[in-house]
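Here the structure is laid out as structure tokens; the discussion comes afterwards.
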Amino acid sequence: MAADPSFIKRYFDDDVVAVAKRLIGAQFLVDGIGGTIVETEAYTQDEPASHSFRGPTPRNRPMFNAPGTVYVYRIYGMHWCVNFVCHPGSAVLIRALVPTEGIEEMIGRRGLSDLRKLCAGPGRLTQALGIDLSHNDRPLSDTPFSLIPASVEGPVFAGPRIGITKAVDLPWRFGLPDSRYLSKPFTKNGPSED
DNA sequence: GGGGAGATTATCT
DNA sequence: GATAATCTCCCCG
């Protein structure tokens with residue numbers, strides 16, 4: 001079930017850090033398959049870890065399109081990662097989900113039945129949800145996507161982002177610290193301020 | 001359960 | 001030619 005375009009615009013036409021926190025607890029589905037987001041990261045045009053840092057290129061073009069645009073890219077030559085665009089040049093990387101819908105399908109795609117590892121990581125969850133370049137630069141408000149906002153916004157932890165070598169001190173990784181479905185645990189940093 | 005190597009390719013220097 | 005918003009497997013203990 002696709003989301004209302006005006007809802008998607010309201011939800012994503014905002015500061016990327018605010019949206020990255022807001023997405024924790026939301027449900028993300030592709031063709032009805034997916035689960036509850038428990039881990040995200042924010043990327044802005046202002047910092048060198050972001051693909052958009054040096055301005056638009058053919059790859060990062062979607063990051064400069066409308067809020068709620070899906071940005072998919074290949075990483076390390078073999079995995080896909082999925083992002084949701086916010087203000088121009090900024091996007092939220094979706095890093096981990098609790099698998100809830102279409103679990104059998106996801107197990108088939110991943111070739112593994114350990115629920116904890118099904119969607120615990122940006123490359124893992126794209127494989128589980130069947131996301132690839134065909135989904136790039138398409139609106140989250142359209143099929144096959146579905147985004148249901150978090151009903152209750154609980155305490156969200158913050159910490160350093162993972163797998164980057166630049167701007168490593170920005171605490172722009174967000175998530176539920178007690179979730180068993182994270183790509184990595186949250187340790188040092190406490191709850192993020194609002 | 002933790003560390004290290006290898007996989008594999010688009011993108012940018 | 002090096003790097004990259006990663007994952008899995010294998011080895012060690």
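Computed over heavy atoms, backbone and side chain alike; hydrogens, waters and symmetry mates excluded. In the text below, chain A, chain B and the rest are named by the order of the sequence lines, each starting its count at 1.
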(message) My understanding is that a pair needs two contacts under 3.5 Å, Watson-Crick or G-U wobble. By that rule, which nucleotide pairs with B:dT9?
(response)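 Because both required distances fall under 3.5 Å, B:dT9 counts as paired with C:dA4.
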
(message) Checking contacts here: which listed nucleotide (B:dT8, C:dC7, B:dC12) is nearest the side-chain heavy atoms of A:Pro58?
(response)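 So the nucleotide nearest the side chain must be B:dC12.
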
[X] vs [N]: side-chain N/O to OP1/OP2 distance below 4.0 Å:
{"X": "A:Thr165", "N": "C:dA4", "answer": "yes"}
{"X": "A:Arg110", "N": "C:dT8", "answer": "yes"}
{"X": "A:Arg74", "N": "B:dT8", "answer": "no"}
{"X": "A:Thr57", "N": "B:dC12", "answer": "yes"}

(request) Look up atom OG in A:Ser52 and atom CE in A:Met63, then write down how far apart they are to the nearest 0.5 Å. (result)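 Rounded to the nearest 0.5 Å, the OG-CE separation comes out at 3.5 Å.
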
Length of the [atom1]-[atom2] vector between [X] and [N], whole Å:
{"X": "A:Arg116", "N": "B:dG1", "atom1": "CZ", "atom2": "P", "result": "9 Å"}
{"X": "A:Ile75", "N": "B:dG6", "atom1": "CD1", "atom2": "P", "result": "20 Å"}
{"X": "A:Phe53", "N": "B:dT13", "atom1": "CZ", "atom2": "P", "result": "11 Å"}
{"X": "A:Trp80", "N": "B:dA10", "atom1": "CH2", "atom2": "C1'", "result": "9 Å"}
{"X": "A:Ile164", "N": "C:dA5", "atom1": "CD1", "atom2": "P", "result": "8 Å"}
{"X": "A:Asn60", "N": "B:dA10", "atom1": "CG", "atom2": "C1'", "result": "13 Å"}
{"X": "A:His79", "N": "C:dT3", "atom1": "NE2", "atom2": "C1'", "result": "15 Å"}
{"X": "A:Arg59", "N": "B:dT13", "atom1": "CZ", "atom2": "C1'", "result": "13 Å"}

(request) Please confirm whether the backbone N or O of A:Tyr181 pairs with a side-chain atom of A:Arg116, one donor and one acceptor, at under 3.5 Å? (result)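 No, because the side chain of A:Arg116 does not come within donor-acceptor range (under 3.5 Å) of the backbone of A:Tyr181.
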
(request) Applying side-chain contact (heavy atoms from CB on, under 4.5 Å) between A:Val92 and each of A:Val16, A:Val17, A:Val82, A:Asn83, report the one that passes. (result)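 Among the candidates, only A:Val16 passes.
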
(message) With the criterion set at under 5.5 Å between ring centres and under 30 degrees between planes, would C:dA5 be stacked on A:Tyr73?
(response)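 Not stacked: fails the 5.5 Å / 30° test.
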
(message) Mind checking if A:Leu93 touches a base, just sugar-phosphate, or nothing, with heavy atoms under 4.0 Å?
(response)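 The answer is base, as A:Leu93 lies within the cut-off (heavy atoms under 4.0 Å) of a base atom.
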
(message) Here's a test of your reading of the structure: between A:Lys166 and A:Gly121, which maps to the more 5' nucleotide of DNA chain C?
(response)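 The 5'-side residue here is A:Lys166.
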
(message) Ring centres under 6.0 Å, that's the criterion: do A:Phe12 and A:Phe84 meet it?
(response)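 Ring centroids of A:Phe12 and A:Phe84 are less than 6.0 Å from each other.
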
(request) Determine, for A:Tyr43 and A:Arg161, whether the Lys NZ or Arg CZ falls below 6.0 Å from the six-membered ring centre while staying within 45 degrees of the axis. (result)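 Ring-cation test returns yes.
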
